[in-house]
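Notes for the one structure printed next.
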Amino acid sequence: MVFRIVVYFSLLFIANAAIAGGFQVALQGVKQTGMGGTGVANPLDATAIYFNPGGLSFTQKNSLNLNAWIILPKAQFREQGTNNIYDMNAGASFPFAGYWSWNTNPKQRWKLGVGVYTPYGSTADWGNTWAGRYVLNKIQLRTIHVQPTFSYNIGNMVGIGAGFVYSRGSVEQSRVLPIMLNTGNEGQVNLSGKAGGYGFNVGALVHITPKLDIGASYKSSIKYNADNGSAKFTVPDAFIDSFPNSSISTTLQIPWSLDMGITYRPEPKLAINLDVNFVGWKVYDEVNIDFAQNTAVLNDITLPRNFKNAMTFRIGASYDIDSSFTIRFGTYLDLNPVPDGFVSPETPDADRFAITLGGTLHSGNRFDLDVSFTYLESVRRQELQSENFANLGGTYKGRAITIGVALAFDLAKKQKPVIIENPTAP
Amino acid sequence: MRYWFVIIALLVAGCGKDLLQPEPIDKGVLPVRPYVAIGGSETAGYADGALHLQAQQYSYPALIAQQLQLVGGGAFTQPLTVDSGGYAIANGELLSKLNLAYRVDCNNEESLVPVRGPVDGGTLESFTSVGQSGPYGNLGVPFIKTADLNQLSLSSTNTYFRRMGISQNTLLQGIVSRNPKLYTIWLGMEDILGSIINQSPEIAPIQFFNNLTPLLDSLAADTTAAGFIATIPDVTAFPFFNTIPYNALELDQGLADVLNQLYAGSGMSFQAGPNPFVIEDPNAPGGKRQIKATEKLMLTLPVDSVRCLFLGSLTPISARYVLDETELDFVRYQVLNFNMFIRDLAVDKGLHVVDINALYQRLPLGIQVNGMELNDKFVNGAFFSLDGINPSKRGAALIANEFIKVMNENYRASIPLVSVVAVPGIKFP
């Protein structure tokens, strides 16, 4: 008797992503988070290492900038036909970002920096009894980028910069198998993988008038070759030979992103940012999983994903109420990259709309305390069972609240005696 | 700043609320009680070769009734067996249900196959009449043929009917006495299966029509009742007839030579490798011939005798394990015409047709549900139970959903479907 079970897995860097298009986490600086995620043309401090390496040379301070967020997501699924509603067991996730920028001599035109941040990552746990458990039970994704950066300023008019990105990523995914044990429990497979990859982040900022800046930055796609992943099966004894625990290899890719922005300052206290992100999700075309040990029923897997490139539109503003307090607010519309028929509980992806608030307390110019708050609503999205790649029909709806806190230290203060002693200073 | 906290607190509170609401459910103009289910083994919840509690609890009528209760349907009673190994009776022998287990064959080879467990106290207890718990909503009776509906002696010939303790003289009278406002009928398969598996007389389509008509006449007399009648699938496509290959006779050259010598002049020939089995056929020269590729062997074929006692080679396989071409043609003729009469009668008596045949016709390609596939393969196809004839619990859920869809379409109802993956699958050791 031959048992043929259709088993396919997707092992990509995918998150629940109530947060941003696909599995992108648009949280790289708390100040920017408060302004709808804008900042490509508005370098504020060392966070420019991520937002626009070209803008880093315009920043006034040598700063250490430490950011942390808590994401509280919620998502639900209503199964087509049955009217059953399932909750995602939404665990909080904690992205972070740290940046350090450096130049001992403020007269010089260059600046160095390094950023450590988590651009993609999240957790989705739908449990092992829900209607879509054969498609996905749980996914946990972590990525971390390290980006040493050099930025150069030309005539206080144009800043250019480039950073090299080294990234580590890990993912764990489990799904339930439609094979029941005598105990009444069902089988399960856990896939996990880790890999390193590298890319770059380049950008430029042009100071057109004292009131108007424009900027652009290009963050390359990063490819990970995870050759040493593992597949672990929990199956009835009858299937142990068919589903051997084995190593797996797969190629993972995160998309490129072209970010463009305009910052306008009608008065010194007010800055208005407009950003657009073009994200190259088309690289996420299909998923391939190669099992080191194939059997009659366990073959290598190719799954179409067919993501399309997508755009995000962001508006944000900051206003200095006085020398010690700045408020920030913004909004964005994040258009989803997942075509109809390819929505899955990995990325129950829909167009998203968010409003953001933020504030900065400036404490005697030694450090800033930033806070941000984001309320995100993802549009209800329906997949028909007859059209879905996994025949999982139903309606998804997501929402998330994100709270961010950051501390920005001004390291340049220590150099103040040097500046005073500078003979060219007034 | 203080206001911000108020706004944030409100938004955080809002995040905890449900994002999706259930869609409105409604019975429309469907009369939902009392619901009575009429049919054979599939309807009774006979599966895995026996009548047993778990299959009864997930019979398609029980699943329909469970969904009807969401829109005001009443309690649905079934003649449940006790929670045990289940029970069946075949050729006077008491049997328990099939489970997947390892079995060592005559060659000392171990394989995973459906095996009957021991007959236990529960098996015996299940025999006793449960008439005092009636009357029942599920009036499906295992192995019931349309001719049995009005059969006065049914109690003495059908043990499953006897234990239901129906006090009326016939099953038909028992059904009518329930005054159903909603009824489902799925009859006809036992008429066919009985003649090809158990050597009952063949039923001509016109007999089927004549047997079914009084039932529909009686039920349709209540014009306020809603009736649903299912078409029957081509039973020859069931795994019971499609799991043992016609040419599974594996020979080495020595044995092939022996057989060629033995059957010289009969038109049979054997080579090393897979060969068609030798079967009985009174019309063949010498009463034996090799089975044709289009013909089918039944799952009840004694496999140990094939492996170790030269059944199917030196000894021909008895015709009762074979569906030959003549039988196949007749069965397909029956299925076609039974379904034609079902549709005719439905139009004539004002019943709605539920095309279960169409559901079964999708099985060869596989029916995809929430990331799993149900198909017509034995055991791993998930749709059929371990007897290869009756649906599994998940198969029953798909069948129930076909009925509910027709109810929704014709009575402006929106009754939720059964979640197929919420129903238990087949258990493996």
(request) Show your reasoning for whether side chain to side chain donor-acceptor pair (under 3.5 Å) applies to B:Ser414 and B:Glu23. (result) CA-CA 9 Å; B:Ser414 34; B:Glu23 280 166 356; over 6 Å; no
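Taking chain B as the reference chain and counting heavy-atom pairs below 4.5 Å, the highest number among A:Glu377, A:Arg78, A:Arg133, A:Arg380 is found for A:Arg78. The most heavy-atom pairs under 4.5 Å with chain B, out of A:Asn83, A:Leu181, A:Asp237, A:Thr183, come from A:Asn83.
Under the side chain to side chain donor-acceptor pair (under 3.5 Å) criterion, A:Asp87 pairs with A:Gln76, not counting sequence neighbours. A search for side chain to side chain donor-acceptor pair (under 3.5 Å) contacts involving B:Lys296 returns B:Asn242, not counting sequence neighbours.
B:Val418 touches chain A through its backbone: at least one of N, CA, C or O sits under 4.5 Å from a heavy atom, while the side chain does not. For A:Ser386, no part sits under 4.5 Å from any heavy atom of chain B, backbone or side chain. Only the backbone of B:Gln21 comes within contact range of chain A, with heavy atoms under 4.5 Å apart. In this structure, the portion of A:Glu186 lying under 4.5 Å from any heavy atom of chain B is its side chain and not its backbone. For A:Asn84, the part sitting under 4.5 Å from any heavy atom of chain B is the side chain, from C-beta outward, and nothing else. For a residue to count as touching a neighbouring chain, one of its non-hydrogen atoms must lie under 4.5 Å from one of that chain's; by this rule B:Ser111 does not touch chain A.
Between B:Glu373 and A:Asn391, the side chains place no donor N or O within less than 3.5 Å of an acceptor N or O (distance only, hydrogens not considered). Between the side chains of A:Thr326 and A:Asp320, at least one donor N or O sits under 3.5 Å from an acceptor N or O.
You'll find the side chain of B:Ser385 stays beyond 4.5 Å of the side chain of B:Ile426, heavy atoms only.
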